[in-house]
Amino acid sequence: MALVLLPGLANLIEDISDEKKLPTQVVESALREALLKGYERYRRTLYLGISEDPFEEDYFSNFDVALDVDEEGYRVLASKIIVEEVESEDHQIALAEVQQVAEDAQIGDTVVLDVTPEKEDFGRMAAATTKQVLAQKLRDQQRRMIQEEFADLEDPVLTARVIRFERQSVIMAVSSGLGRPEVEAELPRRDQLPNDNYRANATFKVFLKEVSEVPRRGPQLFVSRSNAGLVVYLFENEVPEIQEGSVRIVAVAREANPPSRAVGPRTKVAVDSVEREVDPVGACIGARGSRIQQVVNELRGEKIDVIRWSPDPGQYIANSLSPARVEAVRLVDPEGQHAHVLVPPDQLSLAIGREGQNVRLAARLTGWKIDIKNSTEYDQGSEDAKVAELIALRQEEEALQAEAEARLAAEQALRAEEDARLRELYPLPEDEEGYEEEGYDEQAYAEQADPEQPAAAASEAAPEDAEGEASTADATDDDATTGDAAEDAVG
């Protein structure tokens, strides 16, 4: 068959390459796959209304499409095996037929034949299939390149521009900074900040949360404005001491989307100094608050408490409740990380915070369960008795858990022992010497071992509550640390 002409093929490939920001080789590969699918559809349509489709799923695996960009056309090629007697005309060719043009041909050799149909025979259905497959292949290639481009970025914070809204999500344009064009990323509702104004073309700093594979959509970028990593990045860029390594951020607890509108977003950052002469808190705040103000502005007015980390849990807990003034910290259950914090009556509401936000963030920052107590009404004997009951209950639960784990380990050991005993009595084929030797007959081996002996195998694969009151907080939070041109050309 002659070459099927596709006028403007070179320009078509170049235009698609520019529009989709893909290499021309990728576009050519996608076009070849699309034309091959179109040819497959053309062959199947020949049987519509006449008989059932005789082609299996991998029937056309020996077919390929060759593009000729210079001549602006394509050919469909089929690889056929030379045989004495032909059983499948699409996969085989008679030796006598080949020897008419190649006398030295032998049975078992492979020849490539041109099986291109006439352009007029290709049909609208095949052309439509080609268009759809081409568009899908191009989308797949784009998403694959996105995944490779963003999966291993060293800097997870990107500059994003709002382009549109879908349901409750904001679709933003982001760039990896590697010279690649902008791509779309989704900012879900739960990752937005309540003080942000997401208007068209507004720019924001966003944290690249994940590059995940979404069913039917391929690799998708998900970004966040509420992730604690964004706060860390902003401080690292504003504080030279952090960049130099003399000041380090130890922990971050962030509540970017409080449970109530009456409570604004707030973050606590624990910092420490590697050098004694450097004040870590002062370095992060800056002269007259200039450095921290830049961070606050980027986060649209979010409150940020910078506190000094301490290796002493009591001092660390007291610092974490800033700006409240603490009288004493009692580590009533160091093993269970439970502390009582005594504050004056006038500091009680400040230590707890509006709707418990301050003590909740302090608990997440330190990893301790914190109970705020009025120092004037604190009865140490009574409180110790209550704590003793809680400790006894915790120890009982731990003992039950350890007993259950020991029981499970014993059961697994018994199963392993029984497994080994049965394997000695009825060894598996791979246990026998010469199992991989040529001529091994698995069925004969099984019948020889015991034709009536059944084999069985079983496997078994074997939570945490959180509760809090206005003055109690538990340390649990994850914040701490197109084808139209192709259709015209084909059809």
Checking side chain to side chain donor-acceptor pair (under 3.5 Å) for the pair Q132/Q136: CA distance, chi angles, key distance, verdict? CA-CA 6 Å; Q132 293 169 1; Q136 182 62 47; over 6 Å; no

State whether the number of non-hydrogen atoms from other residues, nucleotides or ligands found under 6.0 Å of E277 atom CD is greater than 12.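 It does: E277 CD has more than 12 such atoms within range.
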
Neighbour count above 12 (heavy atom, 6.0 Å) for R164 CZ: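 Counting neighbours around CZ of R164, more than 12 heavy atoms of other residues, nucleotides or ligands fall under 6.0 Å, so yes.
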
What are the two closest non-hydrogen atoms of [X] and [Y], and how far apart are they?
{"X": "N358", "Y": "G353", "answer": "CB-CA, 3.8 Å"}
{"X": "M172", "Y": "V206", "answer": "SD-CG1, 4.0 Å"}
{"X": "A351", "Y": "I372", "answer": "CB-CG2, 4.1 Å"}
{"X": "V326", "Y": "L321", "answer": "CG2-CD1, 4.1 Å"}
{"X": "I249", "Y": "F235", "answer": "CD1-CB, 3.9 Å"}
{"X": "P323", "Y": "R266", "answer": "CD-NH2, 3.5 Å"}

Is a side-chain donor or acceptor of [X] paired with a backbone partner of [Y] at a separation under 3.5 angstrom?
{"X": "K268", "Y": "S320", "value": "yes"}
{"X": "R308", "Y": "D272", "value": "no"}
{"X": "S273", "Y": "V278", "value": "yes"}
{"X": "S61", "Y": "D58", "value": "yes"}
{"X": "R254", "Y": "S226", "value": "yes"}
{"X": "E72", "Y": "G8", "value": "yes"}
{"X": "Q243", "Y": "E236", "value": "yes"}
{"X": "N257", "Y": "R190", "value": "yes"}
{"X": "D419", "Y": "R415", "value": "no"}
{"X": "E186", "Y": "I171", "value": "no"}

Any donor-acceptor pair under 3.5 Å linking the side-chain atoms of [Y] with those of [X]?
{"X": "T267", "Y": "E302", "result": "yes"}
{"X": "S310", "Y": "D312", "result": "no"}
{"X": "D333", "Y": "Q337", "result": "no"}
{"X": "E405", "Y": "Q401", "result": "yes"}
{"X": "Q192", "Y": "D196", "result": "no"}
{"X": "R330", "Y": "Y378", "result": "yes"}
{"X": "K205", "Y": "T159", "result": "yes"}
{"X": "S375", "Y": "E327", "result": "yes"}

Could you check if a side-chain atom of [X] sits within less than 4.5 angstrom of a side-chain atom of [Y], using non-hydrogen atoms only?
{"X": "L365", "Y": "I307", "result": "yes"}
{"X": "L390", "Y": "H338", "result": "yes"}
{"X": "V271", "Y": "V269", "result": "yes"}
{"X": "Q25", "Y": "S29", "result": "no"}
{"X": "E335", "Y": "I391", "result": "no"}
{"X": "E184", "Y": "I163", "result": "yes"}
{"X": "K386", "Y": "E383", "result": "yes"}
{"X": "D371", "Y": "V341", "result": "no"}

Side chain to side chain donor-acceptor pair (under 3.5 Å) between E355 and S260: does it pass, once the steps are laid out? CA-CA 8 Å; E355 297 187 8; S260 170; 3.1 Å; yes

Check step by step if ring pair (Phe, Tyr, Trp, His ring centres under 6.0 Å) holds for Y198 and F165. CA-CA 9 Å; Y198 298 104; F165 305 90; 7.6 Å; no

Are any of the side-chain nitrogens in [X] or [Y] under 4.0 Å away from the carboxylate oxygens of its partner?
{"X": "E417", "Y": "R421", "result": "no"}
{"X": "R394", "Y": "E398", "result": "yes"}
{"X": "D64", "Y": "R32", "result": "no"}
{"X": "D191", "Y": "R225", "result": "no"}
{"X": "R44", "Y": "E40", "result": "yes"}
{"X": "R423", "Y": "E418", "result": "no"}
{"X": "R291", "Y": "E238", "result": "no"}

Looking at CZ of F204 and CZ of R300, how far apart are the two atoms once the value is rounded to the nearest 0.5 Å?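 CZ of R300 is found 5.0 Å from CZ of F204.
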
Gap between atom CG of L12 and atom CG of L31 - 0.5 Å precision: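 Here the interatomic distance stands at 6.5 Å.
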
Between Y59 and F55, how do the two ring planes meet: parallel, tilted or perpendicular, split at 30° and 60°?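 Ring orientation, 0 to 90° scale: tilted.
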
